[in-house]
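Report on the structure given below.
Chain letters run A, B, ... following the sequence lines, proteins first, then strands; residues in each count from 1.
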4 protein chains.
Amino acid sequence: MFELDLRSRDPIYQQLVDKFKALIIKKVLQTDEKLPSVRTLAQQMTINPNTIQKAYRELESLGFIYSIKGKGSFVAPMVEEENGEAIRTIKASLSQLIQEALFLGVTKQDIIELIERANHHLHSKEGE
Amino acid sequence: MFELDLRSRDPIYQQLVDKFKALIIKKVLQTDEKLPSVRTLAQQMTINPNTIQKAYRELESLGFIYSIKGKGSFVAPMVEEENGEAIRTIKASLSQLIQEALFLGVTKQDIIELIERANHHLHSKEGE
Amino acid sequence: MFELDLRSRDPIYQQLVDKFKALIIKKVLQTDEKLPSVRTLAQQMTINPNTIQKAYRELESLGFIYSIKGKGSFVAPMVEEENGEAIRTIKASLSQLIQEALFLGVTKQDIIELIERANHHLHSKEGE
Amino acid sequence: MFELDLRSRDPIYQQLVDKFKALIIKKVLQTDEKLPSVRTLAQQMTINPNTIQKAYRELESLGFIYSIKGKGSFVAPMVEEENGEAIRTIKASLSQLIQEALFLGVTKQDIIELIERANHHLHSKEGE
DNA sequence: GTGGTCTAGACCACG
DNA sequence: GTGGTCTAGACCACA
């Protein structure tokens, strides 16, 4: 399904969270779609089920998925309200990263291109 | 010199690294300028010297500073050629962050504004 | 008859228990009134009969209903004497919840208003 | 420090969360006060450290405490902003519980008494 | 010594 | 079969 870097400094469960967040944001996984079961995924990736569960738990508390005992874990519907804080946070992160990128020689045009591409990915799956 | 958030979830040494990176990027600290000594800084900020040292080591391995035994640590000159990998890395991070931002409702125009502002900050110190 | 939230984190059978408790408390269901049969309800709500049965078992052990083999389940009459423990339990829960509410900024007057409203709901069906 | 019911239906870590929440709300534990270390508490209560950590992690994501690697876990300062949703949630819970209490024979006066007592507990530690 | 991550393996609750 | 909890025990990152 996707790759993990076991040598990375950031923990496996965090990488899982990021991957799933991306998949949900890109609408590859759609609202109410079922995620692979904890055990199945654990087996596929040869990872301990507890680690998967930790990732799922985190995703749940972030509002990206919901889990039901005995049934599975599912993509949560987006709630548009009150993303205010999230937006402020992400803008701050973006600012810092952009500044570093410019410093390294990335041009404004390069970044705009990244935006275009992201925008495209985001909307291509829109109506499906 | 600058502030640290001792309550933050990310480690102190990491905050130090980020602050110094920012100062170097903004040219507040200029090429070959001497950084405060480990001891001095540790005393000023009432922080464990080991923590400072770890930050300096990290900055050195990132190529932002160089250290000379018995003399101190200094801001490294930018080497444009070796940025290839750094640029690829940061572009990947940017892509992901931009996608998430767009998802949350930040507009392309918002991001371009962030770029402008970063650009401004970056060049305002240019000729000093 | 009523709605269930299949996405909720608390189990379906528990939601059923709560709904029935509410209906009995509000006297929508009156003493000795017959509850829908397990099969019927299961079919109506497209839910596993085992789940209904578990809810009924729970309601029975809580003293809200009684079941007669081959006849069905019925709303139990209130027995004032046996409430001692239940009252102690619920007072403890209330205390904790009230404390948390006050902490969050809910006022005494707010809570009294909630009591009034609950009281009203409770007695509006009284004489029917 | 406090008691746990190992037989209870709700998990140990949840009981821990509730206990600490109460202690923080009652100001028994004050802002920036250090909580017992994961290992220490685990040993004292003869509970697995992982379980304690799970409780602390939950408390952190709820905003009641913050944890710093290598230093410990501490009571977080209260942020008054945007408790709106929390208040709505708790009012709903209160309504339901009050209705059930009234049904069981608890009087309005009884509940008001509980409020008084909670209010007293809450403010007695205020200025310390 | 502190919190954080991960594994292995057991048992429970739910549907 | 599903998620959830708990234990035991190991190793890492931080200050």
Side-chain angles (χ1 to χ4, degrees), chain A residues 4 6-16 34-43 46-58 60 65-74, chain B residues 4 6 8-16 42 45-55 58, chain C residues 4 6 8-16 42 45-55 58, chain D residues 4 6-16 34-43 46-58 60 65-74:
Chain A
L4 290 181
L6 298 183
R7 278 183 279 166
S8 165
R9 336 175 45 95
D10 50 329
I12 297 177
Y13 86 92
Q14 184 63 56
Q15 294 181 49
L16 282 168
K34 189 175 180 303
L35 272 61
S37 90
V38 171
R39 287 159 168 81
T40 307
L41 193 54
Q43 211 164 6
T46 54
I47 277 181
N48 190 296
N50 288 332
T51 305
I52 309 281
Q53 203 179 23
K54 192 167 187 177
Y56 278 15
R57 191 183 185 76
E58 179 76 6
E60 186 172 11
I65 70 172
Y66 60 92
S67 298
I68 306 179
K69 262 195 221 178
K71 301 211 70 170
S73 299
F74 307 85
Chain B
L4 292 180
L6 298 181
S8 166
R9 46 186 324 102
D10 46 327
I12 295 176
Y13 89 92
Q14 185 63 58
Q15 293 182 51
L16 281 168
M45 318 200 64
T46 56
I47 277 182
N48 191 317
N50 293 332
T51 306
I52 310 280
Q53 213 158 25
K54 180 155 192 180
E58 182 78 5
Chain C
L4 292 180
L6 298 182
S8 166
R9 46 185 324 102
D10 48 325
I12 296 176
Y13 89 92
Q14 185 63 57
Q15 293 183 50
L16 281 168
M45 319 200 64
T46 55
I47 276 182
N48 191 317
N50 293 332
T51 306
I52 311 279
Q53 212 157 23
K54 181 156 192 178
E58 182 79 3
Chain D
L4 292 180
L6 299 182
R7 277 184 278 165
S8 164
R9 337 177 44 99
D10 50 330
I12 296 177
Y13 86 92
Q14 185 62 58
Q15 294 180 49
L16 282 167
K34 190 175 180 304
L35 272 61
S37 90
V38 170
R39 288 159 168 81
T40 308
L41 192 55
Q43 210 164 5
T46 54
I47 276 181
N48 190 296
N50 288 332
T51 306
I52 309 282
Q53 204 179 23
K54 192 167 187 177
Y56 278 15
R57 191 183 185 75
E58 179 76 6
E60 186 173 10
I65 71 172
Y66 60 93
S67 298
I68 306 179
K69 261 195 221 178
K71 303 210 70 171
S73 298
F74 307 84

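- Side-chain contact between D:S37 and D:Y56 is absent, with no heavy atoms from C-beta onward closer than 4.5 Å.
- Residues forming a side chain to side chain contact (heavy atoms under 4.5 Å, CB included) with A:E60 (at least two apart in sequence, or on another chain): A:I65, A:S67, C:R9.
- Positionally, the nearest nucleotide of DNA chain E for D:G72 lies more toward the 5' end than for the other of D:G72 and A:I47.
- The environment of CD in D:Q43 is sparse: at most 12 heavy-atom neighbours from other residues, nucleotides or ligands sit within 6.0 Å.
- In terms of the side chain to side chain contact (heavy atoms under 4.5 Å, CB included) criterion, residue partners of C:Q53 (sequence neighbours excluded) are, by chain and number, C:N50.
- We find that OH of D:Y66 is positioned 16 Å from P of E:dT2, with the value rounded to whole Å.
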I'd like a table of atom pairs between the protein and nucleotides 11-15 of chain E - only N or O on both sides, under 3.5 Å - with the distance next to each one.
residue: E:dC14; atom: OP1; partner: C:Y13; partner atom: OH; Å: 3.4
residue: E:dC14; atom: OP2; partner: C:K54; partner atom: NZ; Å: 2.8
residue: E:dG15; atom: OP1; partner: C:I12; partner atom: N; Å: 2.9

DNA chain E in dot-bracket form (Watson-Crick or G-U pairs under 3.5 Å, [ ] crossing, | inter-strand) is ||||||||||||||.

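- Between D:Q53 and the phosphate of E:dG3, there is no side-chain N or O to OP1/OP2 separation shorter than 4.0 Å.
- Taking atom OH on A:Y56 and atom C1' on F:dT5, their separation rounds to 18 Å, with Å as the unit.
- To the nearest angstrom, P of F:dG4 lies 12 Å from CG of A:L35.
- Residues satisfying the side chain to side chain contact (heavy atoms under 4.5 Å, CB included) test with B:L4, not counting sequence neighbours, are B:I12, B:Q15, B:L16, B:M45, B:I47.
- Considering only residues two or more places apart in sequence or on other chains, A:T46 meets the side chain to side chain donor-acceptor pair (under 3.5 Å) condition with none of them.
- Residue A:L6 contributes atom CG, which lies 15 Å from atom P of F:dC12 at whole-angstrom precision.
- Distance check: C:L6 CG to A:Y66 OH gives 8.5 Å after rounding to the nearest 0.5 Å.
- We find the OG1-CG distance between D:T51 and D:L41 to be 10.5 Å, quoted to the nearest 0.5 Å.
- Contact annotation: A:S37 does not reach the phosphate of F:dG1 (side-chain N/O to OP1 or OP2, under 4.0 Å).
- Taking atom CZ of residue A:R57 and atom P of nucleotide F:dC6, one finds them 10 Å apart after rounding to whole Å.
- The line from NZ of C:K54 to CD of C:E58 is 8.0 Å long, rounded to the nearest 0.5 Å.
- Atom CG of D:L41 is separated from atom C1' of E:dG1 by 16 Å (rounded to the nearest Å).
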